[in-house]
Number of protein chains: 2
Amino acid sequence: MLNGGSVPKRVTIDDVARHAGVHKATVSRALNAHTQVQVNAETAERVRAAARELGYVPNFVARGLRLNHSMTVGVIIPDVANPIFPPIMRGIEECLQPRGYTALLANTDGQSAVEDAAFHSLLQRRVDGFIVATGRLDDQPVIAGAFGDGVPVVMVNRWAGSAPYPVVTADNERGIRAAVEHLHELGHRRIAHLAGPANFSTTHQRAEAFSAVTASMAGVAASVVQAGALSAEAGATAMDELLARQGSSRPTAVIAANDLVALGAIRSLRAHGLRCPEDVSIVGYNDMPFAADFWPALTTVRIPLREIGLQGARMLLDAIEAGHQEPATVTLPVTLVVRGSTAIASS
Amino acid sequence: MLNGGSVPKRVTIDDVARHAGVHKATVSRALNAHTQVQVNAETAERVRAAARELGYVPNFVARGLRLNHSMTVGVIIPDVANPIFPPIMRGIEECLQPRGYTALLANTDGQSAVEDAAFHSLLQRRVDGFIVATGRLDDQPVIAGAFGDGVPVVMVNRWAGSAPYPVVTADNERGIRAAVEHLHELGHRRIAHLAGPANFSTTHQRAEAFSAVTASMAGVAASVVQAGALSAEAGATAMDELLARQGSSRPTAVIAANDLVALGAIRSLRAHGLRCPEDVSIVGYNDMPFAADFWPALTTVRIPLREIGLQGARMLLDAIEAGHQEPATVTLPVTLVVRGSTAIASS
DNA sequence: CTGAAAGCGCTAACAC
DNA sequence: GTGTTAGCGCTTTCAG
């Protein structure tokens with residue numbers, strides 16, 4: 001049996017004090033970089049030695065209670081298993097770790113109830129701030145409520161409709177424009193958009209941009225079909241619908257709301273005996289990990305996932321440390337990555 | 001400006017007590033499911049009303065300090081962006097959340113120094129236990145040291161050499177056996193293994209199993225080449241080496257240490273003008289997300305990632321709540337998933 | 001430069 | 001059924 005029943009009592013600052021023959025206040029001062037100067041060099045050394053010998057591990061929760069912070073931030077995402085989030089989280093961690101913070105993670109599966117519960121749970125744990133990736137344009141009263149609690153929040157990737165939080169996102173308008181222009185240059189004139197849910201800021205903007213950009217191009221016939229979700233299944237269904245409805249004036253190219261939807265569209269094409277890119281070109285969005293290993297390798301708009309996380313975390317920590325935050329919006333640049341799923345229009 | 005400079009003072013249990021006209025101890029009792037019975041029903045209702053009106057959020061860190069637990073577990077993984085970990089984390093969360101725990105996440109990139117720092121940082125935050133996925137067969141003194149601290153640890157997927165911790169993993173021997181038998185049935189007689197690092201328990205076992213299984217099969221010529229890491233790049237390099245070295249007696253099938261290595265092997269094949277599966281069959285390991293969307297769709301050994309996380313978390317929480325743990329090993333079953341990357345041997 | 005004392009927000013004896 | 005008291009482990013005035 002490991003740890004047979006009784007946990008060995010953890011060593012506290014008092015133990016170290018006793019062992020070094022000083023008062024615990026002196027130990028505290030000696031061990032904190034900030035206050036180290038206040039204590040005699042050799043006393044400090046004696047304290048450090050005592051701490052080492054006893055295997056002292058400072059208790060951050062006690063310290064946090066006293067100092068009113070937890071050095072902890074809550075990260076709320078829909079689903080770690082959605083491939084765009086891991087890179088964002090890496091970016092977040094990259095910023096947090098050297099600054100002494102750690103992330104408390106919560107998945108919500110996009111369900112409001114779970115989201116509220118997670119938010120509340122993290123609030124109870126006194127996280128110093130939130131990074132939320134579950135923004136929806138329709139109301140999110142609970143998240144919006146953090147505003148009143150004075151806990152800083154930054155939105156990443158998507159933003160919320162109601163709450164005036166800072167957000168770091170990528171440039172949807174330019175991404176879509178690049179995709180449309182790429183297809184246009186390849187000779188495509190009938191282009192469709194497999195749009196994502198209208199209550200995500202990202203997919204909403206992409207759909208708007210698609211309409212705006214195609215409307216301004218002479219000779220381009222644009223159509224939009226709605227995908228019910230940002231999944232391959234929904235993408236396949238939407239593509240089925242497009243293929244059924246269009247008859248002879250079928251589009252020769254489609255821009256999907258994201259890579260998962262694009263993946264579904266490719267499956268649908270295959271199921272209909274059509275080839276990508278020979279019969280229909282497809283462009284995705286996000287450049288999710290392994291997008292280059294699909295068949296065909298996906299042409300897609302790359303968004304700087306890691307950078308979004310990094311900047312979001314940086315903005316949050318700055319706000320935490322400053323004690324207030326400004327509702328800034330930072331929009332990061334995107335780039336079109338041309339691979340095998342787009343080709344010259346055949347018809 | 002949001003939260004203009006001064007954070008609104010958080011409401012405490014004392015505020016609620018004052019507002020409800022009772023003592024804070026009564027508030028505590030009224031609000032804790034456990035002790036609710038001790039208080040008069042209408043007093044309790046008055047307290048709840050007061051809490052609601054004031055927007056009281058219990059402070060878990062204060063409570064944790066008093067109760068000596070944090071309702072928090074540390075999850076140490078090499079890299080969230082490695083596709084096998086998100087499903088494991090989902091499994092972990094699935095168990096943690098309903099039981100009131102939340103996960104503190106740390107990535108280590110497989111570097112011992114980072115790992116030690118993460119471990120220490122989580123220890124300072126007084127996590128109630130650890131789930132570690134970074135096991136290595138060679139020594140990990142810091143992780144092993146947790147043993148002495150009396151903090152429960154469970155290893156998931158990989159295990160460590162030195163520390164006697166419980167572990168939940170998948171059956172490597174059977175997985176490799178299934179892969180070899182599948183290839184044998186397809187007529188392959190020259191089979192190679194692209195082995196992973198020998199200091200991971202998983203890839204070590206797979207390599208051992210490969211040798212054992214092929215040795216017991218008449219007429220099978222087996223060879224092993226070492227991949228330097230579990231990445232597509234390392235897989236491609238290893239495959240290059242295999243292709244260069246084998247000359248005319250080139251293997252007709254290869255079993256990779258994992259899907260990433262398999263992906264690299266496929267790229268190498270393509271670079272050499274060889275086709276998969278027509279010229280060489282490839283089987284991966286893990287059935288990582290999107291393995292079915294690669295080209296060709298990967299035949300691979302599926303390991304129950306989510307289940308590994310789920311069970312690992314369950315074992316940990318049980319140990320935390322019991323106050324001690326037994327060094328159990330649970331080995332979960334695997335299944336071979338046959339897709340497009342394996343075919344009948346052509347030569 | 002160091003010690004004494006107070007208190008962060010909470011819960012658990014212990015009274016009554 | 002409810003109030004009083006003490007104290008979890010730490011940092012920070014305030015004295016000296």
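Bear in mind that the values here come from a model prediction, so they are computed numbers and not experimental data. Proteins come first, then strands; the chains are lettered A, B, ... in the order of their sequence lines, and each starts at number 1.
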Heteroatom pairs (N/O) under 3.5 angstrom, protein to nucleotides 7-10 of chain C:
from, atom 1, to, atom 2, distance (Å)
C/dG7, N2, A/Arg66, NH1, 3.4
C/dC8, O2, A/Arg66, N, 3.3
C/dG9, OP1, B/Lys9, NZ, 3.3
C/dG9, N2, B/Ala62, O, 3.2
C/dC10, OP1, B/Tyr56, OH, 2.5
C/dC10, OP1, B/Asn59, N, 3.1
C/dC10, OP2, B/Ile13, N, 2.4
C/dC10, N4, B/Lys24, NZ, 2.5

Kindly give the atom pairs (protein nitrogen or oxygen, nucleotide nitrogen or oxygen) under 3.5 Å for nucleotides 13-16 of chain C.
from, atom 1, to, atom 2, distance (Å)
C/dA13, N6, B/Arg29, NH1, 3.4

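Taking every heavy atom of both residues into account, B/Gln97 and A/Val114 meet most closely at NE2-CG1, 4.0 Å. Of all non-hydrogen atoms in B/Thr43 and B/Val22, the two that sit nearest each other are CG2-CG1, 3.9 Å. Nearest heavy atoms, B/Pro78 versus B/Phe85: CD-CZ, 3.4 Å.
Distance alone, capped at 3.5 Å, is enough to place a donor-acceptor pair between the B/Asn107 side chain and the B/Val80 backbone. With hydrogens and angles disregarded, a donor-acceptor distance shorter than 3.5 Å links the side chain of A/Arg46 to the backbone of A/Ala20. One N or O on the side chain of B/Tyr165 and one on the backbone of B/Ile143 form a donor-acceptor pair closer than 3.5 Å. Put simply, the side chain of B/Gln325 gets close to the backbone of B/Val153: a donor and an acceptor are under 3.5 Å apart. Using a distance-only test at 3.5 Å, with no hydrogens or angles considered, no donor-acceptor pair links the side chain of B/Asp109 to the main chain of B/Gln111. A/Arg10 places no side-chain N or O within donor-acceptor distance of the main-chain N or O of A/Val57, the cut-off being under 3.5 Å.
A straight line from CE of B/Met71 to P of D/dC8 spans 22 Å, rounded to a whole angstrom. Atom NE2 in B/His23 sits about 7 Å away from atom P in D/dG3, given to the nearest Å. At whole-Å resolution of the value, CZ in A/Arg18 and C1' in C/dG3 are 15 Å apart. For the pair A/Asp15 CG and D/dC8 C1', the computed distance is 13 Å after rounding to whole Å. Remark: P of D/dT2 and CG of B/Leu31 are 14 Å apart, rounded to the nearest angstrom.
Taking side-chain N and O atoms only, A/Thr26 has no distance below 4.0 Å to OP1 or OP2 of C/dT2.
Looking at A/Val127, A/Leu317, A/Thr72 one by one, the single match for side-chain contact (heavy atoms from CB on, under 4.5 Å) with A/Tyr101 turns out to be A/Leu317.
Residues from residues 33-51 of chain A placing a heavy atom under 4.0 Å of any atom in DNA chain D do not occur.
Using a 4.0 Å cut-off between charged side-chain N and carboxylate O, A/Glu45 and A/Arg48 make a salt bridge.
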